[in-house]
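Heads up, the thing below is written out as structure tokens.
Source: prediction; values computed, not measured.
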Amino acid sequence: MSQETRVRFAPSPTGSLHIGNARTAILNWLFARHTGGSFILRIEDTDLERSSKESEESIYNDLHWLGINWDEGPDVGGKVGPYRQMERTHLYEEYTNKLLANGHAYHCFCTQDELEEMRQKALAEGKTDAWYDGRHRNLTTAQKQAFREEGRQPVVRLKYPDQDITFIDIVKGETTFPAGSTGDFVIVRSDGTPTYNFAAVIDDGLMKISHVIRGDDHLSNTPKQIAVYNALGWKVPIFAHIPMILGPDKSRLSKRHGATSVRGYADAGFLPDALINFMSLLSWSSPSGDEILSIQRLIDEFDFSRVSKSPAVFNVEKLEWMNGMYIRSLAIEKLTDLCLPYLQNAGYHLPERSVLEQIVAMVQENLERLKEIVEKLEFVFADKVIPATAEAVRMIEKESTSKVFWSFLRQLDKVEQLDFARFRQIMKTVSEETGVMGKDLWMPLRVALTGQIHGPDLPKVVDIFGKERCKKLVESALNI
RNA sequence: GGCCCCUUCGUCUAGUGGUUAGGACUCAGGACUUUCAUUCCUGCAACAGGGGUUCAAACCCCCUAGGGGUCACCA
């Protein structure tokens with residue numbers, strides 16, 4: 001019973017990592033780390049049409065970005081490899097032959113037209129599943145020979161048992177599929193490649209996978225796969241069908257709901273830990289009730305007993321909030337590193353590192369996504385400052401404004417340098433001198449210095465800008 | 001349509017027969033403050049419907065409705 005836990009994530013390389021698949025990967029990984037078992041990456045590339053090497057690479061990259069590592073996989077090897085299905089064809093052949101030999105599978109020579117006819121006939125009877133009538137189940141050698149001479153390339157079908165198939169899913173509970181709801185399905189295509197329901201079983205069996213954790217869209221594939229395990233005489237693994245992730249309209253999450261690739265979220269400036277934290281909370285919850293959970297806590301606490309059965313809507317607002325929490329908790333050095341690419345990409349002329357860190361720190365608590373750093377800091381890197389909105393213009397057109405500006409400029413001349421403390425002192429003096437205070441005092445200066453009515457604390461801005469820049473900006477504001 | 005799965009605030013969820021049904025996001029209001037934001041406080045808001053079982057049901061059973069998935073030589 002105390003068999004080693006071995007789980008796998010088995011994406012097909014037909015694009016970059018989808019958010020739904022990423023969630024499956026995350027739960028598998030969390031479970032493996034929680035139990036001290038192994039997490040295996042397997043590439044299911046039997047769909048020759050759609051699979052590509054680039055997709056495989058991008059999946060590795062996205063997984064690495066998330067911080068998910070695997071113990072066995074195409075790139076790192078392992079004792080039950082190879083880990084790319086197209087490199088395992090000899091194994092599928094071997095087991096196909098076994099099934100053919102022990103009578104659990106057979107060659108079917110039906111043409112597309114014949115198949116279509118059967119499908120129509122079944123449809124007329126109100127059946128859409130189990131439409132294949134099993135007509136080639138017991139072909140004689142002579143019949144097979146005749147078909148071959150016609151040039152027909154057979155597929156291999158599994159004899160699906162005429163009985164209920166019941167299994168216990170550790171998230172859904174006991175579920176049974178009644179006999180007759182599935183027909184003899186194809187396990188090997190006419191070109192010799194295995195189909196998903198066959199290859200997955202051969203691989204999971206040979207790779208000693210103990211728990212098959214996947215999206216519940218695979219629930220209805222499970223009886224087929226169990227039939228393969230049984231035909232092979234293999235032990236059936238434990239299944240865990242996790243609920244799907246839905247879009248805001250409650251349909252399966254897809255492109256039309258916006259970004260659905262992990263890459264998209266990475267580019268927008270979401271942090272991997274925040275994304276993992278958020279996604280782990282989709283259909284799972286910590287017994288503590290806490291929501292901001294470190295990866296370590298996630299690993300410590302993750303358990304299928306707390307995975308819910310119902311699907312969850314991907315709530316981007318909450319992800320953004322959570323990402324903001326993570327950004328705020330970042331050390332400034334780290335945050336600056338992460339923001340650097342966005343800033344460089346924006347073409348900003350960046351100051352030396354220590355100054356840059358100060359600048360980034362200024363807007364740290366305003367960020368929900370790293371990408372936003374570009375707009376938040378636009379006023380710092382702009383060539384000139386102009387009031388950005390009508391309201392800003394109004395602030396600067398107030399009667400008391402020029403008084404404030406002149407007073408400010410006079411005070412500025414009295415100091416060698418401008419910094420946080422001196423600025424506060426100056427503002428106090430300006431207020432006393434002009435009698436202007438509060439909003440009317442601060443807003444004009446804010447607009448003069450940043451062009452906007454919202455932004456970071458002014459003393460911080462001034463501290464970074466320094467005396468000369470402030471002087472120039474206020475002087476030019478006087479001419480508006 | 002057949003089969004399978006699911007159903008607590010708008011969203012994510014806690015809850016396993018006795019709770020004022022709790023928390024989080026969002027939203028609204030307030031406090032703080034030179035603005036925004038942060039932070040803190042307050043508030044709005046839910047057991048899909050109908051039958052049972054029981055002294056007692058969000059929790060157990062049945063039915064209905066709704067949602068999702070799946071019915072390929074895709075995975």
Side-chain angles (χ1 to χ4, degrees), chain A residues 10-14 21 44-47 49-51 85 108 110 112 115 119 122-123 125-131 153-157 169 171-173 175-178 180-183 185-197 199-200 214-223 241 243-244 246 248-252 278 281-287 289-292 306 308-322 324-325 328 363-368 376 395 427 431 437-447 450 452-459:
Chain A
S12 48
T14 55
N21 286 131
E44 307 211 328
D45 53 357
T46 56
D47 182 345
E49 297 282 305
R50 301 192 299 149
S51 297
Q85 289 189 322
C108 166
C110 290
Q112 286 304 328
L115 257 17
R119 213 177 265 128
L123 199 60
E125 292 165 13
K127 272 170 78 166
T128 50
D129 49 10
W131 48 269
Q153 293 291 322
V155 297
V156 178
R157 287 182 185 271
D169 185 289
V171 357
K172 303 287 185 184
T175 108
T176 121
F177 287 78
S181 56
T182 302
F185 61 95
V186 175
I187 59 173
V188 179
R189 289 184 273 256
S190 51
D191 67 359
T193 56
T195 59
Y196 167 72
N197 283 126
R214 74 223 310 195
D216 72 11
D217 49 334
H218 286 286
L219 203 54
S220 47
N221 282 321
T222 309
H241 287 98
M244 312 213 65
L246 272 28
D249 63 355
K250 308 254 191 163
S251 72
R252 182 204 206 114
F278 174 74
L281 253 27
L282 255 27
S283 67
W284 175 82
S285 60
S286 161
D290 293 346
E291 301 207 283
I292 300 292
R306 294 189 65 83
S308 78
K309 300 175 177 193
S310 43
V313 172
F314 193 87
N315 182 188
V316 185
E317 280 86 47
K318 188 153 182 177
L319 204 213
E320 286 171 341
W321 161 78
M322 189 173 277
M325 294 288 281
R328 268 168 257 133
V363 294
Q364 179 168 21
E365 64 191 17
N366 279 273
L367 259 30
E368 282 193 326
K376 301 273 189 223
M395 283 316 307
M427 289 305 280
S431 183
M437 50 185 138
K439 255 186 177 181
D440 291 343
L441 172 68
W442 292 84
M443 269 303 180
L445 270 162
R446 172 176 294 286
V447 173
T450 72
Q452 291 169 332
I453 56 171
H454 301 311
D457 284 343
L458 223 37

With a non-hydrogen cut-off below 4.0 angstrom, is Gln112(A) in contact with a base, only sugar-phosphate, or nothing? base
If we only count heavy atoms from C-beta on, is the Asp217(A) to Arg252(A) side-chain gap below 4.5 Å? yes
Just to be sure I understand the rule, does Thr182(A) reach a base, reach only the sugar-phosphate, or reach nothing, if contact means heavy atoms closer than 4.0 Å? nothing
Determine the contact category for Arg306(A): base if any of its heavy atoms lies under 4.0 Å from a base atom, sugar-phosphate if only primed atoms, P, OP1 or OP2 are that close, otherwise nothing. sugar-phosphate
What's the closest nucleotide to the side chain of Ser181(A) if the choices are C3(B), G69(B), G23(B)? C3(B)
In terms of side-chain heavy atoms of Ser308(A), which of C6(B), U13(B), A75(B) is nearest? U13(B)
Looking at residues at least two apart in the chain, or sitting in another chain, which of them share a side chain to side chain contact (heavy atoms under 4.5 Å, CB included) with Val447(A)? Pro387(A), Ala392(A), Met395(A), Ile396(A), Ile453(A)
Touch check for Asp440(A), heavy atoms < 4.0 angstrom, all strands: base, sugar-phosphate only, or nothing? nothing
Considering every strand and a 4.0 Å limit on heavy-atom distances, what is the contact class for Thr193(A): base, sugar-phosphate, or nothing? nothing
Residues two or more places apart in sequence or in another chain: which of them pass side-chain hydrogen bond (donor to acceptor under 3.5 Å, both in side chains) with Glu368(A)? none
Proximal nucleotide (of C3(B), G69(B), C12(B)) relative to the Pro178(A) side chain: C3(B)
Determine, for nucleotides 26-49 of chain B in 5'-to-3' order, which nucleotides have protein heavy atoms under 4.0 Å from the base (write B), from only the sugar-phosphate (write S), or from neither (write -). --------BBBBSS----------
Touch class at under 4.0 angstrom, heavy-atom based, for Thr176(A) against every strand present: sugar-phosphate
Choosing from C4(B), U70(B), A72(B), which nucleotide comes nearest the side chain of Ser220(A)? U70(B)
Opposite nucleotide pairing with G2(B), Watson-Crick or G-U, both atom distances under 3.5 Å: U70(B)
Nearest to the Ser190(A) side chain among U11(B), C73(B), C6(B), which nucleotide is it? C73(B)
Looking at Glu125(A), I'd like to know if its CD atom is crowded, meaning that more than 12 non-hydrogen atoms belonging to other residues, nucleotides or ligands lie closer than 6.0 Å. yes
Which part of the nucleic acid, if any, lies within reach of Glu291(A) when heavy atoms closer than 4.0 Å are counted: base, sugar-phosphate only, or nothing? base
Which of the following nucleotides, G68(B), C73(B), C12(B), is nearest to the side chain of Ala312(A)? C12(B)
Using purine N1 to pyrimidine N3 plus N6-O4 or O6-N4 for Watson-Crick, or N1-O2 and O6-N3 for G-U wobble, both under 3.5 Å, which nucleotide pairs with A28(B)? U42(B)
Using 30° and 60° as the class limits, which term best fits the ring planes of Tyr196(A) and His218(A): parallel, tilted or perpendicular? tilted
How is Val313(A) classified with respect to the nucleic acid when contacts are heavy atoms under 4.0 Å: base, sugar-phosphate, or nothing? sugar-phosphate
On RNA chain B, more 5' by nearest nucleotide between Asp129(A) and Val171(A) is Val171(A)
Is there a side-chain contact between Thr222(A) and the phosphate of C4(B), meaning an N or O under 4.0 Å from OP1 or OP2? no
It should be established whether Trp131(A) places a side-chain nitrogen or oxygen under 4.0 Å from OP1 or OP2 of nucleotide A72(B). yes
Considering every strand and a 4.0 Å limit on heavy-atom distances, what is the contact class for Asn315(A): base, sugar-phosphate, or nothing? base
Nearest of C73(B), A75(B), C6(B) to any side-chain atom of Pro311(A)? C6(B)
Remember a base hit wins even if backbone is also touched, and classify Lys127(A) as base, sugar-phosphate or nothing at under 4.0 Å, heavy atoms. nothing
Mind checking if His241(A) touches a base, just sugar-phosphate, or nothing, with heavy atoms under 4.0 Å? nothing
Taking the side chain of Thr175(A) as heavy atoms from C-beta outward, which of A75(B), C4(B), G69(B) is closest to it? C4(B)
